[in-house]
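For reference, the structure discussed in these notes is given below.
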Amino acid sequence: MAAPADIPPMSSSRDKVVSAAEAVRLIRDGDSVAVGGFGGQCFPEELTIALEQRFLQSGTPHDLGIVFAVAQGDRLGRGLDRICHPGLISRAIGGHWGMSPAIQKLAVGNEIAAHNLPQGVLSQLFRDTAAGKPGLLTRVGLGTFVDPRLGGGKVNERTTEDLVELITLGGDEFLFYKALPLDVALLRGTTADPAGNITMEREALTLETLSIATAAHNAGGLVIVQVERVADAGSLCPRDVKIPGVLVDCVVVAGRDHHWQTFGTQYSPAYSGELRRVPLHNLAPLPLNERKVIARRAALELRVNSVVNLGVGMPEGVGAVATEERIVDYLTLTAEPGVIGGMPVGGADFGVAVNAQAVLDQPYQFDFYDGGGLDAAFLGMAQSDRDGNVNVSRFGNRLAGSGGFINISQNAKQVIFLGTFLAPSRTAVLDGRVVVESEPAAVKFVDAVEQRTFSGAQAVRTGQPVLYITDRCVFRLTADGLQLTEVAPGIDIDRDILAHMPFEPLLEGDPVVMDARLFAPDPMGLKDQLLSVPMAARMTYDDTRNVFFLNMEGLAPATSGEVETIRAAIESRLSRIGRKVHLVANYDNFTLPADLRDLYVRSIQDFAERFYLSASRYSTSSFMRLKLHDHLAGRGVAPHIYENRAEALANLRAE
């Protein structure tokens with residue numbers, strides 16, 4: 001992009017360091033500006049302050065378009081709030097809007113054109129736009145408010161442009177998100193050299209920084225990067241460079257006050273990984289209240305070696321419970337901006353992790369999520385309805401935005417929603433039971449959600465297991481809607497649950513009482529439970545569908561006696577059912593020594609002849625799928641091993 005005629009050229013094409021005021025003078029009226037950052041992480045605050053000052057002094061640039069994956073801010077005036085002056089912005093495309101009240105107000109007030117698209121889609125669109133692709137083709141968003149049949153992500157009446165199309169390929173539905181028009185990139189790093197090469201060694205995340213820079217540069221646009229410091233030419237390690245100088249037009253050295261690592265922490269070497277390990281087990285446990293009860297019940301869904309996403313807010317408590325129960329080392333916790341492993345941090349530092357194993361660019365994290373890499377997702381639940389739909393994105397004049405919720409909830413192998421039953425909860429934990437207060441509160445289970453951020457129907461179609469965990473009870477998603485499955489001790493179903501719901505959930509017999517350990521002050525002993533699941537708890541029979549679910553996950557029999565114990569337990573349960581069944585078996589993380597394989601497969605062959613109408617086995621491990629395939633095929637047993645539970649269920653033969 002050529003600079004305006006009234007701006008003198010820089011003194012040297014190899015020295016790109018300028019002041020913030022000089023850099024933002026290159027932004028023109030009507031430009032589309034991509035702003036990097038996640039909350040306060042990687043946010044170029046010095047540049048937005050300079051942009052605000054220029055507009056207030058001169059009235060230019062005006063009518064900018066702003067594009068962001070996550071609206072940068074702290075809800076207290078920092079971040080994008082600084083540039084939300086009348087006339088400065090005319091349009092916005094964003095994923096999560098919750099941290100910037102000012103840009104929310106512009107959007108819901110119909111003062112700007114605004115689209116809310118999934119955060120993962122936007123992060124990947126930056127990358128696809130950089131590559132010159134017309135857009136992104138994905139299933140993410142089907143059945144939600146970004147589906148063109150349900151609004152196409154348009155926030156208000158002023159928004160008329162269609163950014164999302166419904167496409168059918170090979171008989172399957174997909175959404176096509178159009179490439180992003182970008183003229184300017186405002187980004188942040190740690191160190192620059194005079195040629196504009198940028199490193200990010202003191203940043204907590206890397207996000208889509210490279211993708212945004214490449215997209216703006218390849219469109220002939222302007223790339224401005226804020227840094228802490230400048231190094232000599234040629235002194236940066238090439239493997240540390242996250243944005244090459246060929247993409248960068250201007251480098252701005254920020255003051256310390258405008259280059260916080262997050263909006264909650266000025267700088268922590270643990271966040272950037274410069275301090276490799278910090279102690280976790282001495283963290284204070286959560287107080288015993290309704291939030292801890294919900295987090296504890298959710299933690300009962302954790303499995304050894306599972307890869308998990310923890311959402312913002314109440315789901316953060318699952319990590320705290322896992323730490324208290326000393327099981328966090330048996331899990332891999334992740335957060336959507338790119339951290340894998342370690343312990344995700346909450347509050348104003350959300351998105352960061354300490355003791356992380358890896359930090360990916362955000363588009364690649366969402367590649368991992370979208371492709372089914374998550375074993376479980378624990379997400380917030382602001383509002384749910386009779387069909388299992390969930391709303392976390394829009395409530396009247398409050399636009400929180402979908403964030404990464406749609407990507408994560410649609411593609412995790414299992415999703416668990418967490419939230420209090422009412423808002424506020426009006427419950428307390430006392431003497432091992434839940435005590436309900438009489439003061440009025442708003443219902444959260446409604447007849448129809450205000451906006452559909454999660455589609456219950458889509459989950460039913462794909463066979464995705466879904467739970468809704470509250471302080472009073474637990475629901476499970478079925479093809480016929482929500483089923484009440486568990487009730488907290490001290491709760492009266494009619495008075496404390498059904499009286500606060502405009503619809504009646506499914507009731508099949510009496511719901512069970514929630515585990516007493518959830519309401520006790522001492523740790524639950526979850527480590528022992530997690531590492532040693534009794535065989536009786538690994539077998540479930542669904543009489544309605546005549547499906548026998550067998551969970552072999554994590555088992556590692558080492559002797560013929562252990563194989564015989566497993567075989568006898570399964571045979572006993574199948575014999576009690578009294579008729580042949582359809583088998584769905586989970587073999588995730590199942591291991592078996594070579595000298596026991598024939599013995600084990602003989603049992604499978606015997607059961608197939610005596611007890612099974614059909615058998616669907618699955619494992620997310622490609623190695624295990626190949627091993628099981630070879631052993632079963634050699635014994636004349638149906639050898640196909642599916643990749644997940646949904647595929648296994650979909651391929652059951654009719655009785």
### Message
Assess, by modelled atom type and distance only, whether the side chains of Asp375 and Gln414 contain a donor and an acceptor separated by less than 3.5 Å.
### Response
no
### Task
For residues 92-148, pull every pair meeting ring pair (Phe, Tyr, Trp, His ring centres under 6.0 Å), keeping only residues two or more places apart or in separate chains.
Phe68-Trp97
### Task
Indicate whether the side chain of Gln362 and that of Gln119 have a donor and an acceptor atom separated by less than 3.5 Å.
yes
### Message
Looking only at side-chain N and O atoms, does His258 offer a donor or acceptor that is under 3.5 Å from a partner on Glu45?
### Response
no
### Message
Could you measure the distance from the CZ atom of Arg54 to the OG1 atom of Thr60? Nearest 0.5 Å is fine.
### Response
4.0 Å
### Message
Is it the case that the side chain of Gln365 and the backbone of Val339 share a donor-acceptor pair, with hydrogens and angles ignored and the cut-off at 3.5 Å?
### Response
yes
### Message
I need the minimum non-hydrogen distance between Val164 and Val146, along with the two atoms involved.
### Response
CG1-O, 3.7 Å
## Note on the structure
Closest non-hydrogen contact found for Arg188 with Thr209 is O-CG2, 4.3 Å
### Query
If you measure from OG on Ser211 to CG on Leu122, what distance do you get to the nearest 0.5 Å?
12.0 Å
### Query
Gln72 and Arg78: side-chain donor and acceptor closer than 3.5 Å?
no
### Message
Could you check whether Asn156 and Thr159, counting side-chain N and O atoms only, form a donor-acceptor pair closer than 3.5 Å?
### Response
yes
### Summary
Separation between CG (Asp81) and CD1 (Ile103), nearest 0.5 Å, reads 8.5 Å
### Summary
Closest non-hydrogen contact found for Leu210 with Lys242 is CD1-O, 3.5 Å
### Query
Between the side chains of Glu46 and His259, does any donor sit under 3.5 Å from an acceptor?
no
### Query
In chain order, what residues pass the salt bridge (Lys or Arg N to Asp or Glu O under 4.0 Å) check against Lys154, with sequence neighbours excluded?
Asp162
#### Entry: Polar contact flag, side-chain donor to acceptor under 3.5 angstrom, Gln124-Arg127
no
### Query
Which heavy atom of Leu150 sits nearest a heavy atom of Gly143, and at what distance?
CD1-O, 3.4 Å
### Task
Fit a plane to each ring of Phe263 and Phe43, take the angle between them on a 0 to 90° scale, and name the class: parallel (under 30°), tilted (30 to 60°) or perpendicular (over 60°).
perpendicular
### Face-on cation placement of Arg202 at Tyr267 ring, 6.0 Å and 45° thresholds
yes
### Query
What are the two closest non-hydrogen atoms of Leu379 and Ser409, and how far apart are they?
CD1-CB, 3.6 Å
### Query
Got a sec, which residues hit salt bridge (Lys or Arg N to Asp or Glu O under 4.0 Å) with Glu201, two or more places apart in sequence or on another chain?
Arg229
### Query
Does the separation of the ring centres of Phe417 and Phe454 fall below 6.0 angstrom?
yes
### For Thr199, the option from Leu236, Ile243, Val227, Asp193 that meets side chain to side chain contact (heavy atoms under 4.5 Å, CB included)
Leu236
### Task
Please report the closest heavy-atom contact between Pro118 and Asn407, naming both atoms and the distance.
CB-OD1, 3.3 Å
### Message
Hydrogens and angles aside, do Thr262 and Gln41 bring a side-chain donor and acceptor to less than 3.5 Å of each other?
### Response
no
